[in-house]
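Just so it is clear, the structure is predicted and the values come from calculations on it, not from any experiment. Here is how names work: the chains are called A, B, and so on, in the same order as the sequence lines, proteins then strands, and each is numbered from 1.
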Protein chains: 4
Amino acid sequence: MRTKTGDKEKDILEAAISVFAENGYHNAKIQKIAILAGVAIGSVYVYYKNKEAIFSKIVERLWTDLYNQLQQIDDRADISTAEKFDALIDVLFDAFFDKPFLARAIISEGSNQIEKDNNAYMEPYRNFMTLGEKIVEDGIKENIFNPNIDIKIVRSFIFGGFRFLLYQWACAPQDSSLSLIRQNVKFFCKKGMLNSNMA
Amino acid sequence: MRTKTGDKEKDILEAAISVFAENGYHNAKIQKIAILAGVAIGSVYVYYKNKEAIFSKIVERLWTDLYNQLQQIDDRADISTAEKFDALIDVLFDAFFDKPFLARAIISEGSNQIEKDNNAYMEPYRNFMTLGEKIVEDGIKENIFNPNIDIKIVRSFIFGGFRFLLYQWACAPQDSSLSLIRQNVKFFCKKGMLNSNMA
Amino acid sequence: MRTKTGDKEKDILEAAISVFAENGYHNAKIQKIAILAGVAIGSVYVYYKNKEAIFSKIVERLWTDLYNQLQQIDDRADISTAEKFDALIDVLFDAFFDKPFLARAIISEGSNQIEKDNNAYMEPYRNFMTLGEKIVEDGIKENIFNPNIDIKIVRSFIFGGFRFLLYQWACAPQDSSLSLIRQNVKFFCKKGMLNSNMA
Amino acid sequence: MRTKTGDKEKDILEAAISVFAENGYHNAKIQKIAILAGVAIGSVYVYYKNKEAIFSKIVERLWTDLYNQLQQIDDRADISTAEKFDALIDVLFDAFFDKPFLARAIISEGSNQIEKDNNAYMEPYRNFMTLGEKIVEDGIKENIFNPNIDIKIVRSFIFGGFRFLLYQWACAPQDSSLSLIRQNVKFFCKKGMLNSNMA
DNA sequence: TATGAATGAGGATTCATTCAT
DNA sequence: TATGAATGAATCCTCATTCAT
């Protein structure tokens, strides 16, 4: 039989990331994905039920990966909660460090439905968020973080800010370095804007 | 009795806000907008060149309004820069306080093109952002804000965070109060997460 | 405004009859119908929700018409039940007398679902059948028809036979005259095949 | 253990009957047939040229069988022509007696092309019909049947009626017993509807 | 023979936009 | 201005068939 040569499933996913990145979900054409992946249109449907399924898979894969990373970090007994929070930010940034296409694909239109829908593919995302909240909660218990902050709100604020910065960077990677952004985000989250040198 | 002039244009815009909010840009049907506005499809095109122009107008009107408000605040000599920053956050929140539809319409898919394109209608948005940056810059000069933060990055971070919180709130207004969100954002921006009571 | 010129709705229906007749339901292309009707593809969808709706309309119109005719016949007090049954056969034949396309469109594949589904558009058909059964029942009560026949079965047998003859004729109208067919059907239904001259 | 040769071809055919029956020709998927037959898709094409060929084979097999049965009946010298006609009806009914799937498969959409095309696979069907006509002709010569009936027309009428009844029964076997139908068909064909008890 | 991954032509339907009135 | 019937390009997805193994 005609055997799977190479990894068409992966080729299609990679192609889809590029096309979603460049055009957004609604303007991404299946044909374009197929051509970029070097397969026939029909082959796309051999591996994925439909357009949405491709997008879902991209999202799911990403958050599953991030969740696993965060879990390993959280499991460590040798680092402090503050360091874990730091690592959380790092995990997010590293995931997209050399993948602006992935960033744009995930973030551009279509993903605002995020959290809203109960689709199974969003579970890894929710797991990640829950674990992130737990780390912040730990920090509050340990008196590292301010107990007056609303965790859910702050979590969304940070995530939204990260998302938007990432998207801007993905659209024009040369405009600012991701490490400068990372540094600012960390500083901002932890210390805010006020000048602590002030009286 | 509805007088004829001026109203239709506004009716269409209001209807469009609802429809964009409920369906997102790509799933918003011109016909639905027309019906909701109580006009014929053709009339939509008398007042607006095309679908995008309607969306642009909504965005433009919003940011023009916000920019004007921020300008008045910035012009005041009787309040401090810290208070101006505080007011900046308030302007953003007040704009959507009783308008979840507007929030969803503006933020949902389609508006990620924001900033990317150089369309004239984005000018009020850019003006607002520039003025916001100036206020922060003033704060840095006055030693209120930390001079090490990158203004552009922080500005985008705050805006992204605000945007995401707003969208979540707009999708489920009952889940959390906008004033609680506002309070947390202000606190977070200014003081960050660290517990300043700590030694 | 661009006003309805001519009767596009009717043009489309007539075109659809031809195309369904020639190709059967599944092989009838909407584009072909549109071209034949002299309208744009989109116009088809202005008047009909989808392909199935066009077919339904054809069927519905036909049976509504036939039912009305049969009702008028049944209402008459001046003719006998035997004559009414005769007229019932005539109604069926006359409906297709100069419309082989209509016959083929209705009968070819797709209409075997007939009776099976409860779609509203089948109601006129069911009305016709019910009234037909009533006429036969009357005949039985009046001792004209044999009381041992199962009305439902006989009704379906006659209808199926008519249907098949009609389809064959519609495919090759020249092969046999419809009036010869009509005459045989009437004779067969009433007297069967046995030679009554026989002892 | 299933022996290898001969079985697959038959398995596919049996599976096809079920799938055609349940879905009709156009909605029958080759994949479904393959799965039901327990073979690979490709294997279907080892035994049959294409979808149509499978359908043709079903039809051909059926009519070949029926024709052979009818031939044996016709060859008998010990029964009258009237009894042969009776047996003809029985052959038809018996063929489907415990096989509603076969009935639906054969009759549902797609088989109206029957008689229209000159494909070789229709020959057994035509043979059966010709032999059926001969029996009726014999009956006419023997003065059993009425000489005024048009054999071709009556033959199609009976066949169409049988076909439709069969289809209805196959769709809902519990609604009426096949033997009641058979009995009515025989009576109707031979004696028609008129009450011969009447003066 | 047997397999099933790969193919790609084909078609129903949508909907922003136009334009004759 | 106002209308809404008319347009048709554009696209997702299906599925019979092929063919390399």
Which residues share a side-chain contact (heavy atoms from CB on, under 4.5 Å) with [X], sequence neighbours left out:
X: E60(B); result: K57(B), T64(B), Y121(B), P124(B)
X: A40(A); result: S43(A)
X: Q31(A); result: I35(A), I41(A)
X: K99(C); result: L102(C)

V19(D) side chain reached by K29(D) side chain, heavy atoms, under 4.5 Å: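 Heavy-atom side-chain distance check fails, nothing below 4.5 Å.
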Y48(C) side chain near dT13(E) phosphate (N/O to OP1/OP2, under 4.0 Å):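 False: Y48(C) side-chain N/O out of range (4.0 Å or more) of dT13(E) OP1/OP2.
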Please give, in whole Å, the distance from [N] [atom2] to [X] [atom1]?
X: K51(D); N: dT14(F); atom1: NZ; atom2: P; value: 15 Å
X: F20(D); N: dA16(F); atom1: CZ; atom2: P; value: 9 Å
X: I30(C); N: dT7(F); atom1: CD1; atom2: P; value: 15 Å
X: K8(A); N: dA20(F); atom1: NZ; atom2: P; value: 13 Å
X: I35(B); N: dA5(F); atom1: CD1; atom2: P; value: 11 Å
X: E52(C); N: dA12(E); atom1: CD; atom2: C1'; value: 13 Å
X: H26(A); N: dA10(F); atom1: NE2; atom2: C1'; value: 15 Å
X: Q31(D); N: dT18(F); atom1: CD; atom2: C1'; value: 15 Å

W63(B) and Y125(B) aromatic ring geometry - parallel, tilted or perpendicular at 30°/60° bounds: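 Rings of Y125(B) and W63(B): perpendicular, over 60°.
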side-chain contact (heavy atoms from CB on, under 4.5 Å) assessment of Y47(A) paired with V39(A): CA-CA 11 Å; Y47(A) 295 99; V39(A) 301; over 6 Å; no
Which donor-acceptor pairs under 3.5 Å do side chains of residues 49-56 of chain A form with protein atoms, sequence neighbours excluded?
residue	atom	partner	partner atom	Å
N50(A)	OD1	E52(A)	N	3.3
N50(A)	OD1	A53(A)	N	3.0
K51(A)	NZ	Y25(A)	O	3.0
K51(A)	NZ	A28(A)	O	2.9
S56(A)	OG	E52(A)	O	2.8

Sugar-phosphate, base or nothing in reach of A28(B), heavy atoms under 4.0 Å: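 Sugar-phosphate contact only - A28(B) comes under 4.0 Å of backbone atoms but never of a base.
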Nearest-nucleotide comparison on DNA chain E, the residue closer to the 5′ end among K49(C) and V46(A):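 In this pair, the answer is V46(A).
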Nearest-nucleotide comparison on DNA chain F, the residue closer to the 5′ end among V44(B) and G38(C):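 This one resolves to V44(B).
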Residues forming a salt bridge (Lys or Arg N to Asp or Glu O under 4.0 Å) with R61(D), sequence neighbours excluded: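 Only E14(D) meet the salt bridge (Lys or Arg N to Asp or Glu O under 4.0 Å) criterion with R61(D).
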Distances under 3.5 Å between protein N/O atoms and the N/O atoms of nucleotides 8-10 of chain E, please, pair by pair.
residue	atom	partner	partner atom	Å
dG8(E)	N7	G42(A)	N	2.9

Base-paired stems in DNA chain E, each at least three Watson-Crick or G-U pairs under 3.5 Å: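 Result, WC/G-U stems under 3.5 Å: E:2-21 with F:2-21.
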Proximal nucleotide (of dC12(F), dA5(E), dA6(F)) relative to the Y45(A) side chain: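 Minimum distance to the Y45(A) side chain belongs to dC12(F).
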